[in-house]
2 protein chains.
Amino acid sequence: MIELRQFRQFVAVAEELSFRRAAERLHMAQPPLTASIRKLETELGTTLLERTNRVERLTPAGRVFLEEARRALAQAERAIRDARRAGEGLIGSLRLTFVASSAHSLLPQLIRSFRARHAEVALDLQEASTAQQVQALQMDRADLGLVVLPLADPHGLTVVPLVRDSLVVALPGGHHLARRRKVALAELSREPWIRFPARYGPGLHSRITAACAAAGFVPQVVQEALQMETIVGLVAAGLGVAVVSPAAADRERHDIGFRPLVGPGTPIGYDIALAYPRATPVVEAFVALARSAAADRPK
Amino acid sequence: MIELRQFRQFVAVAEELSFRRAAERLHMAQPPLTASIRKLETELGTTLLERTNRVERLTPAGRVFLEEARRALAQAERAIRDARRAGEGLIGSLRLTFVASSAHSLLPQLIRSFRARHAEVALDLQEASTAQQVQALQMDRADLGLVVLPLADPHGLTVVPLVRDSLVVALPGGHHLARRRKVALAELSREPWIRFPARYGPGLHSRITAACAAAGFVPQVVQEALQMETIVGLVAAGLGVAVVSPAAADRERHDIGFRPLVGPGTPIGYDIALAYPRATPVVEAFVALARSAAADRPK
DNA sequence: ATCATGCGATACCCTGTTCGTATCGTGAGT
DNA sequence: ACTCACGATACGAACAGGGTATCGCATGAT
C-alpha cells in the first residue's frame, strides 16, 4: 500500500532532480531513498524518473504523479490542520441560543470577544426562552444556551453560572421612593407598573411575578412595552415604575432614577448561566471566554 | 508523521462507529487499530471520537477530519491511478508532426485507431516538412514525427520505418503510355507535368526532382495544384501527367489511369517512418499501433 | 439485583519494513 | 587517463505495526 511518505519522497526527488539532494532535504540517507522510490515505481507499475547515471528528467507518468501527489499532500495537510483547528475550537460552528433579556448587554459583549478570537467559527444565533433552550439543547438543536436559572429540567446539561444580576427599579424623577437607597418589592404593590410583555423573556417575567406573589400582591400593569428605550421613556414621563435588569441603568438621566430592588432583606436577583449538553472545543472556548468576561465584570 | 494508513483507519472507524467492525473491514485485529487511532489523536493533538464504553460519535474535529481525510484519500487514489494510466500511455499528450503527403491516407487511419484506444490522450497535430520535424523533435517541440526517409541528421532520434509507398504516374485516358503495365521515369521526360508545389511536401518533392535529375532530365511543369482532386481533374482533362502517391489511385476513373513508376528496373518508392527522440509510453503506444497497422496494410 | 454479553483498552511478543553505514559501478568533466 | 560525483547494491540494526491473550466496564436480559 502506497503511503504519504513515498509521496513526500518522490516530490523531493522530482523537485531536486537528485537523489542525494532530496535525501538531504528529507533528513535521510540516499540509499533508502533510492530503494523507496524504486519500490514506489514497482507498486505503480511504471517508471517515474528517467535515469542515466543520474536523474535526467521525469517521465510523463512522473510529471502526472508529481502534480497529483502534490495535491494529495496538500489535501492531507489541510485535513490535519483543520482537525487541529477544530480541536482548538478555531473552526467549526456554534448554535447559540439566548434569552431576550441578555440580548442588550451580556450577549453582544460575548459575541464580540468570541468573534475576535474565533473568526472562522460560524455562529448561529437564536433567541429563545429558557425552557425552549433546554429542550433545544437536549434534542441537539443547539450547542450552547444563555439561560436564566433555575432550569426546570437540566437533565444531561452542564450548567455554568455566569453572572448574578440584581434587579433594579426604575422610578420617575421626584417619585417618593426615589429618596431611598434601595426599594423593597412590597413597596411597589400599589404602584402602576410598566413591564415587558410576558412572551418577551418569560423566564425573568415569571420570576418577578412569582416574587410579587410571594410578597403578597399582583403587579398593577398599566402598560407593556418591548423596547428598553420605550420603558425608560414611559417611566421618565411618570406613567409608572418598572423592574428592569441593571443593564438599563446605563440610561440614567435627570428625570429617572434606578434603585436596587430588595426582597425580604436581600437583593432580588436572577442568575444568567450557560448550559450545554456536550463540551465541544468551540463550546468550551466560548464558556471559558464568558467566564473570564463575567469575572472581569463588576457585580 | 501522519500517514495515509491512519487516514484509512480513521475513516473506517468513523464510518462503522465501531473499532471491532472497522478492524474487520481493514482486515486487522482490533487492538492495533485502537492503538493506531490513539496515536493519530495524539499527533493531531485533539480527540476525534467520543468514547464511552463504545464509540459514541465523532467530535467536531472528527467530523472535520473525516471529510478532509476522505478527500485526501481520494486525491491520493487519483494520483496513483493517473500515474498508472500515464505509464500505460492512456493519458497524457502527444505532439505529433507529419508530412503533408501522409495527411490523406496513412495519418487519418492512425489517428482514428489511436483515438479509439487512447481517448484521453490530448493529440496536438502539426503538419511540417521532414526537415522541420527533425528539428522540432530534437528541440523537444514535438514528441513524434511522421517523416519521409532518409533523414539528413537523425541524431538522437529513433526511426521506425512504417511503409514503403511506390510512386505511381497518373495518365489521361488514352495516353500512349497508358497501355503499359508500368512506366519508367525517363519516359516522362518530355511529358507536361502537373505537380504539388515544392512547399507542400518538400521531402517527396525533392525526391522526385532528384530522381528526374538522375534520369537526366528536368520535369516540364505546366501546372501546380494543391488538392489531389484538382491534380486528378487536370490529368483527366489531358493537361499533363502527374507523379503521385498510390493513395491517389483510389480515385481511378474511366478517363484516368494510374501506372507504377519504375526507375532503372525497380519501382520508385519512398519510405514513411516514425521518428522520436524519447520513447514515452504514449509514443510507444502510437508506434506499436502504427507498426501493426502498417503490417496489415497491403504493400 | 445479578449475570451474561459485547466492546474497547491494556500487556506482551513477533515480524517486516525502513533506515543507516559501507562500498561499488559508471558516466562526465578536466 | 584520471578523478569526481552520483546512484545502485549489500548488509545489519532499530523500530513500528500488527497479532494474541486478557482485562475492565457498561448495557441489557433474567
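Protein chains get the first letters and strands the later ones, always in sequence-line order, with residue 1 at the start of each. Only heavy atoms go into these numbers, but all of them, side chains included; no hydrogens, no water, no symmetry mates.
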query = Any luck finding a side-chain donor-acceptor pair between A/Thr97 and A/Gln133 under 3.5 Å?
reply = yes
task = Would you please say whether a donor-acceptor pair under 3.5 Å links the side chains of B/Gln30 and B/Thr34?
result =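 Present: a donor and an acceptor within the cut-off.
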Whole angstroms only, please: what is the [atom1]-[atom2] distance between [X] and [N]?
X: B/Glu41; N: C/dA9; atom1: CD; atom2: C1'; value: 13 Å
X: B/Glu43; N: D/dA16; atom1: CD; atom2: P; value: 11 Å
X: B/Glu56; N: D/dC25; atom1: CD; atom2: P; value: 17 Å
X: A/Leu40; N: C/dT17; atom1: CG; atom2: C1'; value: 16 Å
X: B/Leu49; N: C/dC7; atom1: CG; atom2: P; value: 16 Å
X: B/Leu26; N: D/dG17; atom1: CG; atom2: P; value: 14 Å
X: A/Leu17; N: D/dC6; atom1: CG; atom2: P; value: 13 Å
X: A/Met1; N: D/dG18; atom1: CE; atom2: C1'; value: 16 Å

When you measure from the side chain of [X], which nucleotide among [options] comes out closest?
X: B/Arg5; options: D/dG18, D/dG19, C/dG8; value: D/dG18
X: A/Arg20; options: D/dG7, C/dA11, C/dG20; value: D/dG7
X: B/Pro31; options: C/dG20, D/dT9, D/dA21; value: D/dA21
X: B/Arg51; options: C/dA22, C/dA9, C/dC7; value: C/dA9
X: A/Asn53; options: C/dG27, C/dA9, D/dA8; value: C/dG27
X: A/Gln9; options: D/dC6, D/dC25, C/dC19; value: C/dC19

key: Option among B/Glu68, B/Arg71, B/Gln75 that satisfies the side-chain hydrogen bond (donor to acceptor under 3.5 Å, both in side chains) test with A/Gln75   = B/Glu68
query = Does OP1 or OP2 of C/dT18 have a side-chain N or O of A/Lys39 closer than 4.0 Å?
reply = yes
task = Select from A/Met28 and A/Arg54 the residue whose nearest nucleotide in DNA chain C is closer to the 5' end of that strand.
result =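 This one resolves to A/Met28.
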note = Comparing nearest nucleotides in DNA chain C, the 5'-proximal residue of the pair A/His27, B/Thr52 is B/Thr52
request  = In plain terms, say whether B/Glu88 and B/Arg117 are close enough for a salt bridge, that is, a side-chain N and a carboxylate O under 4.0 Å apart.
outcome  = no
query = Would you say the ring centroid of A/Tyr276 lies under 6.0 angstrom from that of A/Phe286?
reply =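 Not under 6.0 Å, so no.
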ask   = When you match B/Ser36 and A/Thr34 each to their closest nucleotide on DNA chain D, which lands nearer the 5' end?
value = A/Thr34
